[in-house]
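These values consider heavy atoms only, across backbone and side chains, with no hydrogens, waters or symmetry-generated copies. Chain letters run A, B, ... following the sequence lines, proteins first and then strands; every chain starts at 1.
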2 protein chains.
Amino acid sequence: MKSEEKTAYLALNTYTKLMRAAESVTNRVGRFMSAANLTISQFGVLEALHHKGPLCQRDIGAKILKSTGNITLVIDNLEKHQLVKRERNVDDRRYFTVSLTQSGSMLIARVFADVESAIVAEMAILSETEQVSLGSLCKKLGITRVTDQAKT
Amino acid sequence: MKSEEKTAYLALNTYTKLMRAAESVTNRVGRFMSAANLTISQFGVLEALHHKGPLCQRDIGAKILKSTGNITLVIDNLEKHQLVKRERNVDDRRYFTVSLTQSGSMLIARVFADVESAIVAEMAILSETEQVSLGSLCKKLGITRVTDQAKT
DNA sequence: ATCATACATCTTAATATTAAACTATATAAT
DNA sequence: ATTATATAGTTTAATATTAAGATGTATGAT
């Protein structure tokens, strides 16, 4: 095998394993969200509000890396289930301030705890040293590259 | 900080980096699919047919880890664009054999080459040793666990 | 004050995704 | 042969996702 072929083979192989790991872990952790009838995005929104307090939709979108159109819909659905509420900002009427309702707050506290233990359980397959090593390798791949589209 | 807290902190941190790396790489590589007007799933189907030859829908679903209902739709859309064709199996009429059309075949050959170089470019951020290390750590997380649902 | 520009959100159209129910076909047990 | 069961694929309903365009609001330049 030529040297470029070996390079390509290793790269594809590593890529596949990375994707499978992410997918696999997401699936297992995601069950605790499904069990509470939450989608991953809904969980993401609730978790952002849980940890940062009330936010406008744009900030929520920036946090969970989704488009504003999508956030509108996800918040619509959370609002239907009375887990969050929208309040028009008085100073700047373009904004909505989105915040957790009491039942939303109680739900995310419980589900977040479950998800957190699921993540800890997943990672327990790796030693501390291995986790640190995985984290630093992933960090190199995760950084924003020149080729990335500008995010406002 | 107590020991369990440190464990949880490390686990959550590693999890986040893993997810961001996967998402980040997927986004950048995915641009070459978008450029050819293919979604990730459509690319997955075409790639499976490209490398394995004609397959029935169930096997395609197993390969790209999607539900049969989803495959029906993705193949519908690929068929509309005349990139694949369905043929009812004569021996067992429950099956369709899905295969690439000539234009589908030409398209996937070109796009796969682009995607492959994009992946190689992504991974070039890591040394060979680092890629091997990342691969083996990811492999541990990617394996099917007892908690996984049975996949027929 | 008026106008241009920027910004937050919403809407629409197209595609994806799953779960669950359903149809058609095949096979195994009796 | 009849019946039960398994399997491949489709359909439906609900949610997600983006891109692109529309609406309403704010702000800076003149």
Side-chain angles (χ1 to χ4, degrees), chain A residues 23 26-28 30-31 33-46 54-81 83-99 148-152, chain B residues 23 26-28 30-31 33-46 54-81 83-99 148-152:
Chain A
E23 190 169 54
T26 299
N27 280 340
R28 288 188 293 262
R31 279 188 218 142
M33 303 172 193
S34 311
N37 269 307
L38 292 175
T39 65
I40 293 182
S41 286
Q42 289 174 348
F43 175 86
V45 170
L46 295 180
L55 295 172
C56 73
Q57 299 189 180
R58 166 156 274 280
D59 290 346
I60 294 172
K63 181 80 170 31
I64 70 169
L65 305 176
K66 294 288 146 70
S67 67
T68 65
N70 184 24
I71 293 297
T72 296
L73 180 75
V74 174
I75 302 226
D76 282 351
N77 287 327
L78 287 170
E79 211 175 25
K80 269 184 219 149
H81 294 15
L83 297 173
V84 304
K85 57 180 188 292
R86 280 180 168 104
E87 281 159 317
R88 183 69 80 171
N89 186 305
V90 192
D91 297 329
D92 187 334
R93 292 184 45 75
R94 290 174 300 179
Y95 292 78
F96 278 118
T97 299
V98 182
S99 54
D148 281 351
Q149 280 169 338
K151 293 245 171 185
T152 322
Chain B
E23 188 168 55
T26 299
N27 280 340
R28 288 188 293 262
R31 279 189 215 140
M33 303 171 192
S34 312
N37 270 307
L38 292 176
T39 65
I40 293 182
S41 286
Q42 290 174 348
F43 175 85
V45 171
L46 295 181
L55 294 172
C56 73
Q57 299 190 181
R58 167 155 274 280
D59 290 346
I60 294 172
K63 180 82 170 30
I64 70 170
L65 305 175
K66 294 289 147 69
S67 66
T68 66
N70 185 22
I71 294 298
T72 295
L73 180 75
V74 174
I75 302 231
D76 282 352
N77 287 327
L78 286 170
E79 211 174 26
K80 269 184 218 151
H81 293 57
L83 297 173
V84 304
K85 56 180 187 293
R86 280 180 170 103
E87 281 160 318
R88 182 70 78 172
N89 186 305
V90 192
D91 297 329
D92 187 334
R93 293 184 44 74
R94 289 174 301 179
Y95 291 77
F96 278 116
T97 299
V98 182
S99 54
D148 282 350
Q149 278 169 339
K151 293 247 173 186
T152 322

Colleague: Scan nucleotides 10-12 of chain C against the protein and return all N/O pairs shorter than 3.5 Å with their distances rounded to 0.1 Å.
Modeller:
| unit_1 | atom_1 | unit_2 | atom_2 | d |
| --- | --- | --- | --- | --- |
| C:dC10 | OP2 | A:Gln57 | OE1 | 3.3 |
| C:dC10 | OP2 | A:Gln57 | NE2 | 2.8 |
| C:dC10 | OP2 | A:Thr72 | OG1 | 3.0 |
| C:dC10 | OP2 | A:Arg86 | NH2 | 3.4 |

Colleague: Between A:Leu55 (CG) and C:dT9 (C1'), how many Å, whole number?
Modeller: 16 Å

Colleague: Of the options D:dT15, D:dT25, C:dT17, whose atoms approach the side-chain atoms of A:Asp92 most closely?
Modeller: D:dT25

Colleague: How would you list, by chain and number, every residue that makes a side chain to side chain contact (heavy atoms under 4.5 Å, CB included) with A:Ile64, sequence neighbours excluded?
Modeller: A:Val45, A:Lys66, A:Ile71

Colleague: Can you name the closest pair of heavy atoms from B:Arg88 and B:Tyr95 and give their distance?
Modeller: CD-O, 3.5 Å

Colleague: B:Asn89: which residues meet the side chain to side chain donor-acceptor pair (under 3.5 Å) condition with it, sequence neighbours left out?
Modeller: none

Colleague: Could you tell me the separation between the CD1 atom of B:Ile75 and the C1' atom of D:dA8, rounded to a whole number of Å?
Modeller: 12 Å

Colleague: Measure across A:Gln42 and A:Asn37 and return the closest heavy-atom pair with its distance rounded to 0.1 Å.
Modeller: OE1-O, 3.7 Å

Colleague: Out of curiosity, A:Thr97 OG1 to A:Asp92 CG, how far, rounded to the nearest 0.5 Å?
Modeller: 10.0 Å

Colleague: Tell me which residues in residues 33-46 of chain A lie within less than 4.0 Å of DNA chain C, going by non-hydrogen atoms.
Modeller: none

Colleague: Given atom CG of B:Asn89 and atom C1' of D:dG9, what is their separation to the nearest angstrom?
Modeller: 13 Å

Colleague: With sequence neighbours left out, write down each residue that passes side chain to side chain donor-acceptor pair (under 3.5 Å) with B:Arg86, or none if nothing qualifies.
Modeller: B:Gln57, B:Asp76, B:Glu79

Colleague: Would you please name every residue forming a side chain to side chain donor-acceptor pair (under 3.5 Å) with A:Asp59, sequence neighbours left out?
Modeller: none

Colleague: What pairs with B:Thr26 under side chain to side chain contact (heavy atoms under 4.5 Å, CB included), at least two apart in sequence or on another chain?
Modeller: A:Met19, B:Ile40

Colleague: Using whole Å, report how far CG of A:Asp91 lies from C1' of C:dA8.
Modeller: 15 Å

Colleague: Not counting sequence neighbours, which residues clear side chain to side chain contact (heavy atoms under 4.5 Å, CB included) with B:Thr68? List them please.
Modeller: B:Arg58

Colleague: Produce a footprint string for nucleotides 1-6 of chain C: one letter per nucleotide, 5' end first; B if the base is under 4.0 Å from any protein heavy atom, S if only the sugar-phosphate is, - if neither.
Modeller: -----B

Colleague: Test of understanding: with side chain to side chain contact (heavy atoms under 4.5 Å, CB included), list the residues that count as partners of A:Ser34, not counting sequence neighbours.
Modeller: none

Colleague: Using side chain to side chain donor-acceptor pair (under 3.5 Å) as the criterion, list what pairs up with B:Asn77, not counting sequence neighbours.
Modeller: B:Lys80

Colleague: To the nearest 0.5 Å, tell me how far A:Ser99 OG sits from A:Lys85 NZ.
Modeller: 3.5 Å

Colleague: Name the residue closer to the 5' end of DNA chain D, choosing between B:Thr97 and A:His81 according to the nucleotide with the nearest heavy atom.
Modeller: B:Thr97

Colleague: For B:Arg93 and D:dT7, give me the distance from atom CZ to atom C1', rounded to whole Å.
Modeller: 15 Å

Colleague: Give A:Asp59 one of three labels, base, sugar-phosphate or nothing, depending on what nucleic acid heavy atoms sit under 4.0 Å from its own.
Modeller: nothing

Colleague: Whole Å only: how far is the CD1 atom of A:Ile64 from the P atom of D:dA16?
Modeller: 9 Å

Colleague: Please report, rounded to the nearest Å, how far the P atom of D:dT15 is from the CD atom of A:Glu79.
Modeller: 14 Å

Colleague: Check whether any side-chain nitrogen or oxygen of A:Asn77 sits under 4.0 Å from OP1 or OP2 of D:dA16, and answer yes or no.
Modeller: yes

Colleague: Expressed as a whole number of angstroms, how long is the span from A:Ile60:CD1 to C:dA8:P?
Modeller: 13 Å

